[in-house]
Amino acid sequence: MNQAECTQQTSSQAAPTPPAIRLGNIDKSFTNGNQTIEVLKNVNLTVSPQAIVGLIGASGSGKSTLLNIISGIMKPDRGQVCIYGAPSEEFNDWRSVSYMFQDDRLLPWRTAIRNVEFALEADSMPKNERARRAFEALQLVELEGFEDAFPYQLSGGMRSRVALARSLVTEPRILLMDEPFSRLDAQTRMLMHEELLRIHQLKRMTVVFVTHDVAEAVLLADQVAVMSPRPGTIREVVDITPPRPRDITRPEVTSTMQRLRALI
Amino acid sequence: MAKNSTELIDAKLPAQPLFRGLRPDLVGQRLVLVVAVIGIWWLSSLSVPHYILPGPARVWDALQLIVTNGDLWNNLGITLWRVAVGFTVAALIGLPFGIVLGANRRAGEFFEPVIPVLNTVSSAIWAIFAIIWFGISNATTIFVVFMTAMPLIITNVWQGTRTVNADFIELAQVLRMPQWKVMTKIYLPTILPYFFSGARLAFGFGWRVSLVAETIGSSSGVGYRLRQAADLIRTDQVFAWTLTLVIMMAIIEMGMMKPLENYLFRWKKDAEAQ
């Protein structure tokens, strides 16, 4: 694939900036013994810069696989992945793409701040510069004063904040999240949603998150892509229009949720 | 600050200090125990000849003698040096070897039977081989310590590599971390506690077998002195040397190894403290 194919669509739209992410005809299957499982089939998706896009679908619809393909750690069997107008294979600024996992995945032998610094350690950087940026990231997620705490000393919500700080410390242009708050209790999850939206207001990074929770999708996203089960395809991309902050008891929000539920 | 006040409850911030405070009641218990042991020893020594069981006073005199004439420091020093060399070589070989065996499944499968076989060979047998190969020299003791310590370190490090969390490797992968950094930043910290407990075990064993090696294959060192004292039926000196060994081991174990381990692995949820 070449540059031209990646920018093709954008030029026809006459947009000044290319989409943050563009997926074209993605296929992916896994082989298990002599059995081949088609996980993704002909997936097309365009994510504009600074948008928050939710990927929703039944389990086994290949949401996480799609996220892994966007992040470049997995190669599709067929199709194009474009990041900011560059083909995935040629894109070289992967440090500006962050990935937040389902679990907090903190290294237990590192303190909170050292865990945040971990994301900066792939490259060489002066030690105090790294510490300064990690401290700022912890401030951003409101964890000042807990720099030197080890993960076992923190609550689930705080660990999640450290993980968020770790994925923000590299100042990503794209933040990919794989059911990031699914392991938290309902109240903490709500706080993390507010947190994420507040930070998005500040940093304006593009966010793609996977969820199986319709309410979470509607609360956070500008657009929700609904995926069909195996083989996964994008059934529909739904614009979520109600203004933020959204309240799941409001009728326009509820109706959107119902619409999404019907699509899954 | 975190908005959710319930989040704060779990946070007990101050990290554990390097040395934990001694509990006074525990110190008292230990003192009682020591006094009781010495008392029983003293009572038993009254009814038997001193070359069978010397009393505490006699052993104290012998101890003072070897301390003042420098015998103690010379021999303790040479023995400690031999143990340290054998142990260091074992650690230098055992750590990378254990990592390779754990990280490479093929190598692991191939070498799997070797470790249990090595472990079943008695240290006395290594000592006999060592005398055949190296004669009466430092190398004999060093070799025996090495052969005893190495399988223990390899086994522990090997086990440690099996516990490396694949999720952390994936995390490093999405951060585009180079392979050598994955080794030093994820493999090594995961393995370290296993290496450490293996090393502690190996050091303790090495220290004990070094005496066996020295009694039969050396002309210096604590083991040699022990045998000499036994040959001359100076049971008081045998006791004195034994006592110094016990004290020495206790100092190394409780004064150095344990605090170091507590400090290095303070990130572990401390089951004892709860």
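Just the heavy atoms: all of them, side chains too, but no hydrogens, waters or symmetry mates, feed the values below. Every chain is numbered from 1, with letters handed out A, B, ... down the list of sequences.
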(message) Using side-chain heavy atoms (C-beta onward) and a distance below 4.5 Å, is A:W94 in contact with B:V174?
(response) no
(request) Under 4.5 Å heavy-atom distance to chain B, tell me which part of A:L106 shows up: side chain, backbone, both or neither. (result) backbone
(request) Decide, yes or no, whether a salt bridge links A:E121 with B:K185 under the criterion of side-chain N to carboxylate O below 4.0 Å. (result) yes
(message) Any heavy-atom pair between the side chains of B:L171 and A:R166 that's under 4.5 Å?
(response) yes
(request) Check the surroundings of atom CE in A:M190: do more than 12 heavy atoms from other residues, nucleotides or ligands lie under 6.0 Å from it? (result) no
(message) Contact between B:R176 and A:D123 at the side-chain level, heavy atoms closer than 4.5 Å - yes or no?
(response) no
(message) Is A:D103 close to chain B through its backbone or its side chain, or both, or neither, when contacts mean heavy atoms under 4.5 Å?
(response) side chain
(request) Below 4.5 Å from any heavy atom of chain B, which atoms of A:W109 appear? Answer side chain, backbone, both or neither. (result) both
(request) With rounding to the nearest 0.5 Å, note down the distance linking OG1 in A:T111 to CH2 in B:W267. (result) 13.0 Å
(message) Just verifying a value: how many Å separate A:S71 OG and B:E170 CD, rounded to the nearest 0.5 Å?
(response) 8.5 Å
(message) Restricting to non-hydrogen atoms, name the atom on B:P178 and the atom on A:A122 that form the minimum distance, rounded to 0.1 Å.
(response) CD-O, 3.8 Å
(message) Any side-chain to backbone donor/acceptor pair from A:R105 onto B:D167? Under 3.5 Å, distance only.
(response) yes
(request) Count the heavy-atom pairs under 4.5 Å between each of A:L120, A:V97, A:I73, A:N68 and chain B, then report the option with the highest count. (result) A:I73
(request) Measure distances from B:I186 to the heavy atoms of chain A and classify the residue's part below 4.5 Å as side chain, backbone, both or neither. (result) both
(request) Could you have a look at B:N165, B:T190, B:L264 and say which one has the most heavy-atom pairs with chain A under 4.5 angstrom? (result) B:T190
(message) Atom CZ of residue position A:F30 - does it have more than 12 heavy atoms of other residues, nucleotides or ligands inside 6.0 Å?
(response) yes
(message) A side-chain contact here means heavy atoms from C-beta on lying under 4.5 Å apart; do B:F265 and A:P108 qualify?
(response) no
